[in-house]
Amino acid sequence: MVKVHYFFDPLCGWCYGASPLIKVLVNTAGFEVVYHPGGMIPRLPIEPAFRQHILQADERIAEQTKVQFGQAYKDRVLSKEELILDSYLTTRAFLVGIEMGVNAYQMLKSIQEAHYVHGAKLDEKESLKNIALSLGLDGNEWDDRMELSESNLYSELEASHTLMKELEVSGFPSVIAELDSGFTRLPLSAYYDNASGWSTYLSTLS
């Protein structure tokens, strides 16, 4: 079994772009994927002047990876209403979902799609609860666990940052495999929009 460390952020556009490759990875026999959230964006209002830059970056991601950004998401970024991004709250939801039995890939995928396809306001706890309910989780238990999740968040982020420093990881997404030869960075970006090539590459490692 090859252990693979995936460094990511729920609100990282390139992580969303890489999601088809992560799906291949988690569904390939012989690999164990360990998720390391990075806490990229503490709660932050996005100024209107910066929003066009976000959409331009998203266009590059879509072009290179072929993932789709929904119109609802684009409309929200361009709207005059307040736009707040919060990796910390979304990461808490990711961790709570796993605690409650949701597969890590499925939990992350649900958060990414809520944001990048449906334009959900993931800075609001109610929007994150809606994701949980859509996955069949109990709403009351979700509320209780979310209230208690902040300390676990900071423990996870601290552990991620420590490992990132040790492995010289500086950005998201990054995938590091523990091979017999040592820690090896897998060339994720070389296989954007080439899931079959990525699958073939992985077969040489396991």
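Just so you know, residue 1 is the first one in the sequence shown, and it goes up from there. Source: prediction; values computed, not measured.
- Applying the salt bridge (charged side-chain N to carboxylate O under 4.0 Å, His left out) test to pairs two or more places apart or on separate chains, those with a residue in residues 112-134 are Arg43-Asp123, Arg76-Asp123, Glu81-Lys121, Lys109-Glu113, Lys125-Glu147, Lys129-Asp143.
- The number of heavy atoms from other shown groups lying within 6.0 Å of CD (Glu141) is above 12.
- Among all heavy-atom pairs drawn from Ile111 and Leu122, the shortest one is O-CD1, 3.5 Å.
- Evaluation of the ring pair (Phe, Tyr, Trp, His ring centres under 6.0 Å) test over residues 170-192, restricted to residues two or more places apart or in two chains, returns Trp14-Tyr192, Tyr191-Trp198, Tyr191-Tyr201.
- Annotation: the span from Leu135 atom CG to Met100 atom CE amounts to 10.0 Å, rounded to 0.5 Å.
- Residues Leu179 and Phe31 share a hydrophobic cluster, clusters being chains of Ile/Leu/Val/Met/Phe/Trp/Tyr side chains in contact below 4.5 Å.
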Query raised in the report: Going through the checks in order, is the side chain to side chain contact (heavy atoms under 4.5 Å, CB included) test met by Leu157 and Leu153?
Result: CA-CA 6 Å; Leu157 293 183; Leu153 166 72; 3.9 Å; yes
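- Looking only at side-chain heavy atoms (C-beta outward), Leu202 and Val2 stay at 4.5 Å or farther from each other.
- At a threshold of 4.5 Å between non-hydrogen side-chain atoms, the residues Leu85 and Met40 do not count as touching.
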Requested in this report: Determine, stepwise, if the pair Val117 / Tyr16 fulfils side chain to side chain contact (heavy atoms under 4.5 Å, CB included).
Outcome: CA-CA 10 Å; Val117 178; Tyr16 173 56; 3.4 Å; yes
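- In this structure a side-chain-to-backbone donor-acceptor pair under 3.5 Å is present from Ser87 to Ile41.
- Here the closest non-hydrogen pair linking Asp9 and Gly39 is OD1-N, 3.4 Å.
- Residue Val67 comes nearest to Gly17 through the heavy atom pair CG1-O, 3.6 Å, listed as atom of the first residue, atom of the second, then distance.
- Ring pair Phe94/Tyr35 is tilted by interplanar angle, where 30° to 60° counts as tilted.
- With hydrogens and angles ignored, the 3.5 Å screen pairs a side-chain donor or acceptor of Arg51 with a backbone N or O of Ser79.
- Using a 4.5 Å cut-off on side-chain heavy atoms (C-beta onward), Leu25 and Leu21 make no contact.
- Leu186 and Val34 fall into different hydrophobic clusters, where Ile, Leu, Val, Met, Phe, Trp and Tyr side chains are chained together by heavy-atom contacts under 4.5 Å.
- Expressed to the nearest 0.5 Å, how far CG of Leu133 lies from CG of Leu128 amounts to 11.0 Å.
- Linking Ile, Leu, Val, Met, Phe, Trp and Tyr residues whenever their side-chain heavy atoms come within less than 4.5 Å leaves Tyr105 and Met1 in two separate clusters.
- Contact check for His36 versus Val169: no side-chain heavy atoms found under the 4.5 Å cut-off.
- A 6.0 Å sphere centred on CD of Glu158 holds no more than 12 heavy atoms belonging to other residues, nucleotides or ligands.
- A parallel orientation is assigned to the rings of Tyr6 and Phe8, their planes being inclined by less than 30° (bins at 30° and 60°).
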Requested in this report: Any chance you could lay out the side chain to side chain contact (heavy atoms under 4.5 Å, CB included) test for Val96 and Leu137, step after step, and finish with the verdict?
Outcome: CA-CA 10 Å; Val96 168; Leu137 299 181; over 6 Å; no
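- Between the side chain of Ser160 and the backbone N or O of Pro37 there is at least one donor-acceptor pair closer than 3.5 Å.
- The two residues Leu163 and His5 come nearest to each other via the heavy atoms CD2-ND1, 3.9 Å.
- Taking CG from Leu167 and OG1 from Thr162, the interatomic distance works out to 11.0 Å, rounded to the nearest 0.5 Å.
- If you take CD1 on Ile61 and CD on Gln56, they are separated by 12.0 Å, rounding to the nearest 0.5 Å.
- Closest approach of Arg185 to Ser174, counting heavy atoms only: NH1-OG, 3.5 Å.
- From Ser110, atom OG reaches atom NE2 of His115 across 14.5 Å, with rounding to the nearest 0.5 Å.
- What you find for Gln52 and Leu78 is that their closest heavy atoms are OE1-CD2, 3.7 Å.
- Judged by distance alone, the side chain of Ser199 and the main-chain N or O of Ala195 form no donor-acceptor pair under 3.5 Å.
- Legend: side-chain hydrogen bond (donor to acceptor under 3.5 Å, both in side chains) pairs involving residues 88-97, not counting sequence neighbours, sorted by first then second residue: Arg92-Ser149.
- In the hydrophobic clustering of ILVMFWY residues, with side-chain heavy atoms under 4.5 Å counting as a link, Tyr154 and Leu95 come out apart.
- Side-chain contact between Leu108 and Pro10: present, with at least one pair of heavy atoms (C-beta onward) separated by less than 4.5 Å.
- Using a 4.5 Å cut-off between side-chain heavy atoms of Ile, Leu, Val, Met, Phe, Trp and Tyr, with links allowed through other members, Leu11 and Ile84 fall into different hydrophobic clusters.
- Around NZ of Lys23, the count of heavy atoms belonging to other residues, nucleotides or ligands within 6.0 Å does not exceed 12.
- Side-chain atoms of His161 come within 3.5 Å of backbone atoms of Gly38 as a donor-acceptor pair (strictly under, hydrogens ignored).
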